[in-house]
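Note: hydrogens, waters and symmetry copies are ignored here, and every other heavy atom, side chains too, is used. Proteins come first, then strands; the chains are lettered A, B, ... in the order of their sequence lines, and each starts at number 1.
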Amino acid sequence: MRRRREVRRTPTRRLSVAGPGPGNHTVCVVHPGALPSEVYRNLAAALEPGAGLTVCDLGLLPDYGEAAPVGPRDVVGVPELARQVVAELEPERRRPSWTLLGWSFGGLVAYEIASQLPRERQPDRVVLLDSIAPTIRSRHPDDSLDQAQLFAWFSMYLGARRGCELRLPAGATIVDLAAELARVSAADPTVRTETPMGLTGLYRGYVNGVLRNVRFVDAYRPARATFPLVVVTAERSLRPGDATLGWHHLALAGIEVRTCPGDHYTMITRPDAALMIARLSQPDLQSVRMSVSP
Amino acid sequence: MGVVTAAQARDWLIEKIAHRLDVATSAISTDQFFDEFGLDSTEGLLLAGELEAWLGFEINATAFWYHPTIAELAQYLAEECDNHAAQA
């Protein structure tokens with residue numbers, strides 16, 4: 001039995017590089033996969049001139065991308081993932097100004113990164129995009145996952161992958177989802193249809209991905225934040241009705257809460273959401289000037 | 001689905017991957033790693049779902065990890081078919 005080959009793609013992509021000079025900062029995004037890292041091109045375009053954007057795709061770190069039950073590896077823990085991402089982002093962290101973003105599960109890793117760094121090396125801003133905090137209420141056994149909620153999330157995900165919105169009634173099935181995709185495709189041939197059998201395989205993989213994240217979260221014991229947090233929820237969040245997504249329990253140094261257009265997935269693809277997130281990612285310019293004045 | 005031979009599984013995989021990539025079946029190498037085809041994880045999972053429907057049984061989530069080419073996976077699937085038939 002041959003092992004999967006060991007040559008791997010690099011997890012880190014620099015979609016744009018910050019210009020020289022202390023006024024130009026870099027936005028670093030911790031991305032948990034599911035969508036290609038190219039989705040952040042709208043965000044890169046929305047940043048102020050001279051700013052850079054780097055994406056670290058956790059899905060390309062074997063300790064996350066191949067963690068059970070998605071793959072054969074054991075779960076190593078959020079702090080270890082954070083250490084690996086810190087190593088990947090070494091060039092960006094050396095810049096006088098950088099912002100750390102994390103989308104979805106990536107937000108937990110971003111939070112842990114900021115927690116691990118000494119105060120003088122912490123990012124100017126930590127922005128969490130529709131990430132659910134690893135607080136007590138989030139902890140649950142695998143079999144308590146709400147299947148209806150999972151399927152709704154999956155439909156949202158499939159819509160984002162296919163570039164359309166798929167809204168289904170409560171109790172919808174895979175067959176209903178395939179039918180809805182076919183209906184949308186009939187009006188827009190650029191939307192690819194899928195068979196119910198194919199969607200069943202994709203859904204199982206999606207659930208395995210969620211279970212993987214649950215195992216990481218359930219073992220994670222975060223420290224309370226010594227840095228201010230910015231929490232951005234999507235209009236159609238994974239957890240509607242929870243304005244801070246649980247982060248207020250950990251935000252010792254303050255929390256800013258915003259809501260951006262889109263659902264959990266399209267919030268990182270829509271140009272209007274990218275504009276908002278770009279503004280929230282800007283560092284405190286006054287702080288930057290103070291740090292470089294003679 | 002009855003017992004599937006490695007050749008049948010190989011032909012099925014070649015056809016389905018070629019369809020997803022919109023290329024001729026002759027362009028698909030059975031010794032190429034799956035992730036070199038340009039199929040991302042989503043496409044891979046969709047393919048796995050259709051494969052399971054064709055075979056009539058569920059495939060272990062790690063099968064694509066440990067059998068990363070069409071040739072190797074086809075051989076594994078044929079063995080799994082034999083195992084399932086023996087247990088039936």
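The CG atom of B/Leu46 lies 8.0 Å from the CZ atom of A/Arg192; values are rounded to the nearest 0.5 Å. Atom CZ of residue A/Arg204 and atom CD of residue B/Glu58 lie 4.0 Å apart, to the nearest 0.5 angstrom. Rounded to the nearest 0.5 angstrom, A/Leu202 CG and B/Leu47 CG are separated by 11.5 Å. A distance of 8.5 Å separates OG1 of B/Thr42 from CG of A/Leu158, quoted to the nearest 0.5 Å.
With a 4.5 angstrom heavy-atom cutoff, A/Pro196 does not touch chain B via any of its atoms. Heavy atoms of B/Glu43 lying under 4.5 Å from chain A belong exclusively to its side chain. Looking at A/Tyr203, neither its backbone nor its side chain comes within 4.5 Å of chain B, counting heavy atoms on both sides.
Put simply, the side chain of B/Trp65 never gets that close to the backbone of A/Glu66: no donor and acceptor are under 3.5 Å apart.
Between chain B and the options A/Asn208, A/Leu199, A/Thr200, A/Val70, heavy-atom pairs under 4.5 Å are most frequent for A/Val70.
Contact between A/Met197 and B/Ala53 at its shortest, heavy atoms only, is CG-CB, 3.2 Å.
Side-chain contact between A/Tyr206 and B/Leu45 is absent, with no heavy atoms from C-beta onward closer than 4.5 Å.
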